[in-house]
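This report concerns only the one structure given below.
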Amino acid sequence: MEILKAIRGFDDILLEEAKKFRVITNTFRNLFEVYNFEEIILPIVEYKELFDRSVGEITDIVQKEMFVFEDKSHRVLALRPEGTAGVVRAIVEHGLLYKHPTLKLFYEGSMFRYERPQTGRKRQFNQIGAEVFGVEDPIADFETIKLCFEAFNKLSIDIILEINSIGCPKCRPKYKEALVNYLHSIGGLCEDCNVRKEKNPLRVLDCKVETCKELIKEAPVMLDYLCEECDTHYKSLKTYLKEFNIPYIENPRLVRGLDYYTKTVFEFIKDGLTVLAGGRYDYLVESLRGPHTPAVGFAAGIERIMLYINEIPQKPLYALVYLEEAKIYALKLANSLRQDGLKVEIITRGTNLKKKLEIANKIGASYTIIIGPEEIRKNVYILKDMNKKEQKEIPFSFS
RNA sequence: GAGGAUGUAGCUCAGUUGGCAGAGCGAGGGAUUGUGGAUCCCUAUGCCGCGGGUUCGACUCCCGUCAUCCUCCCCA
């Protein structure tokens, strides 16, 4: 057994990477706060059936990507592959929708999918996401998208927003029928698409094979089939986006993988990689035995966003160097500086001052503070600027 | 689940037709005890991913396996 090896697809997030991770989650959290979202912290394990019923039984996520296991009481459980199902389960279970006419929740945590790992795709990965329950109005779609857009702005990531509407149970069947008819009327689709057109015809629309792309150009478009309600909803959303100068690309071939979406779907894409995606799901809550509740939400892949975060500026580091006789004063000085909010590292290694300064330099200290018997006598410490190579005495009383 | 590439020091990588495992960077120590980065000197580290096979002999050839990276499927 290789105990000194992490499991395939379960990666450590170390040091610098952990900082990027936190910058991203903090950015979203700050926005959640001003948009008045509340946090919900959920279990990682749920009944497998919850995901079958919400994510959709014919999706790949459910069919081949879930970590499923049986516990000692023979319950069939799964590690959550996404966050929305759990959120909906929780609010229905606790009747939150009856207490709050609208409910805005965000979550953060690990998700699990049994896939072949590659860039921006791990078996354990982290998402931060949010859900708005109880708002029919497209203003909810807009605000959700706006919040995400602001997040990328704050993270200085240039990103492309794609939107589409995939209709509702009233209008989508007609479109599906038209699409299936079209797909059957033509030949030359790739092997995968021939499977898709039976299993999940909408997915043919975003096939990457060139020949398929050509054939799809002629295919019927969902937007032409939207019922009046869906059409107005979609148009309002676009109006709001324009009003706020949020650039977007209308992608009539954008379909989301999960079954529960209705009307609005959107993705934030960087270099061809989807880093955040979401949409409206007006019927999921009732399909999980809750009251009819329209909803819209999104999830962002933290590791995927991390790929586009540059170096993070650090707080200047103060290395505190002491001579053996001044040890106790050094501890007091460090304590005092830290209470003033400075980042202080006490240099404990090194036998002489030269060595200690070498270490201070090595750990990247911007300043070094030196304290020895002379300084104690004079009630000062030496503050040395490591870049300018200048130093001065700062008064300090050692009580 | 399918295809391809790659696994040698902490990191980046050499390693000839099969013949005692190397470099650079980094790390530790030193040119002495109150001032760092440069230079110089010294030192160490390896189940050559793992398991089998061929061979007098395998880092090198063959088979298997595991892992990493890149496509695809799918997805955040």
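All values derive from a computational prediction rather than experimental measurement. Protein chains get the first letters and strands the later ones, always in sequence-line order, with residue 1 at the start of each.
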Rounded to whole angstroms, how far apart are [atom1] on [X] and [atom2] on [N]?
X      : N     : atom1 : atom2 : answer
A:R116 : B:C73 : CZ    : P     : 14 Å
A:K356 : B:G37 : NZ    : P     : 17 Å
A:Q118 : B:C70 : CD    : P     : 7 Å
A:Q124 : B:A76 : CD    : C1'   : 14 Å
A:L14  : B:C11 : CG    : P     : 12 Å
A:E82  : B:C74 : CD    : C1'   : 14 Å
A:K355 : B:G29 : NZ    : C1'   : 7 Å
A:L273 : B:C72 : CG    : P     : 11 Å

Enclosure of A:E93 CD (heavy-atom neighbours >12, cutoff 6.0 Å):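 Yes, because the 6.0 Å sphere around CD of A:E93 holds more than 12 heavy atoms from other groups.
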Flag if over 12 foreign heavy atoms under 6.0 Å of CD, A:E70: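 Above 12, so yes.
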Using the ring centroid of each side chain, check whether [X] and [Y] are separated by less than 6.0 Å.
X      : Y      : answer
A:F298 : A:F266 : no
A:F37  : A:F106 : no
A:Y240 : A:Y248 : no

Report which part of the nucleic acid [X] touches: base, sugar-phosphate, or nothing (heavy-atom distance under 4.0 Å, all strands).
X      : answer
A:A277 : sugar-phosphate
A:K362 : sugar-phosphate
A:D60  : sugar-phosphate
A:G120 : base
A:M111 : nothing
A:G9   : sugar-phosphate
A:E115 : base

Considering all heavy atoms, the nearest A:K356-A:I347 contact: NZ-O, 3.5 Å
Exercise: identify the closest heavy-atom pair between A:P247 and A:L161: O-CB, 3.7 Å
Counterpart residues, ring-ring contact (aromatic ring centres under 6.0 Å, His included), relative to A:F133 (two or more places apart):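 Partners of A:F133 under the ring-ring contact (aromatic ring centres under 6.0 Å, His included) test: none.
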Residues that A:Y308 engages under ring-ring contact (aromatic ring centres under 6.0 Å, His included), provided they are two or more places apart: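 If we apply the ring-ring contact (aromatic ring centres under 6.0 Å, His included) test to A:Y308, skipping adjacent residues, there are no hits.
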Watson-Crick and G-U pairing of RNA chain B, under 3.5 Å, as dot-bracket with | and [ ]: (((((((..((((.....[..)))).((((.........)))).....(((((..]....))))))))))))....
When you compare [N] with [M], how far apart are their [atom1] atoms, in angstrom units rounded to a whole number?
N     : M     : atom1 : result
B:C42 : B:U6  : C1'   : 36 Å
B:A27 : B:C11 : P     : 15 Å
B:G49 : B:C13 : P     : 15 Å
B:U54 : B:C59 : P     : 16 Å
B:C25 : B:G19 : P     : 28 Å
B:U33 : B:C69 : P     : 49 Å
B:A9  : B:A14 : P     : 12 Å

Pair A:Y234-A:E250, side-chain donor/acceptor within less than 3.5 Å: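 On atom types as modelled, these side chains qualify, holding a pair under 3.5 Å.
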No-hydrogen, no-angle side-chain donor-acceptor test under 3.5 Å, A:T293 and A:E286: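 No donor-acceptor contact under 3.5 Å links the two side chains.
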A:Y114 six-ring centre to A:R123 NZ/CZ under 6.0 Å and within 45° of normal: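 Yes; both conditions hold, so A:R123 lies above the ring face of A:Y114.
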Cation over ring face, A:K384 and A:Y318, 6.0 Å, 45°: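 Pair A:K384/A:Y318 does not count as cation-pi.
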Side-chain-base donor-acceptor pair under 3.5 Å for A:R121 and B:C74: yes
Return the polar atom pairs (N/O with N/O) between nucleotides 4-10 of chain B and the protein under 3.5 Å, or none.
none

Side chain of A:K64 (C-beta onward), nearest among B:C73, B:G28, B:G1: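 It is B:C73.
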Closest to side chain of A:T119, choosing from B:A27, B:G37, B:C69: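 Of the options given, the side chain of A:T119 lies nearest B:C69.
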Check: A:A140 main-chain N/O paired with A:R280 side-chain donor or acceptor under 3.5 Å: no
Could you go through nucleotides 32-35 of chain B and list every protein N or O atom that sits under 3.5 Å from one of its N or O atoms, giving the distance for each pair?
residue, atom, partner, partner atom, Å
B:G34, O6, A:E374, N, 3.2
B:G34, N1, A:E375, OE1, 3.0
B:G34, N1, A:E375, OE2, 3.2
B:G34, N2, A:E375, OE2, 2.7
B:U35, O2, A:K384, NZ, 2.8
B:U35, O2, A:Q391, OE1, 3.2
B:U35, N3, A:Q391, OE1, 2.9
B:U35, N3, A:Q391, NE2, 3.3
B:U35, O4, A:Q391, NE2, 3.0

Contacting residues from residues 296-305 of chain A, given that a heavy atom lies under 4.0 angstrom of RNA chain B: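 Residues of residues 296-305 of chain A under 4.0 Å from RNA chain B: A:A299, A:G301, A:R304.
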Whether A:Y261 and A:Y281 hold their rings parallel, tilted or perpendicular, with breakpoints at 30° and 60°: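 Ring orientation of A:Y261 relative to A:Y281: perpendicular.
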Residues A:K146, A:E150: salt bridge by 4.0 Å N-O rule: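 Salt bridge: yes.
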Contact nearer the 5' end of RNA chain B, comparing A:R349 with A:E390: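 So the residue in question is A:R349.
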Distance below 4.0 Å between A:R203 side-chain N/O and B:C73 OP1 or OP2: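 Checking B:C73 against A:R203, no side-chain N or O comes under 4.0 Å of OP1 or OP2.
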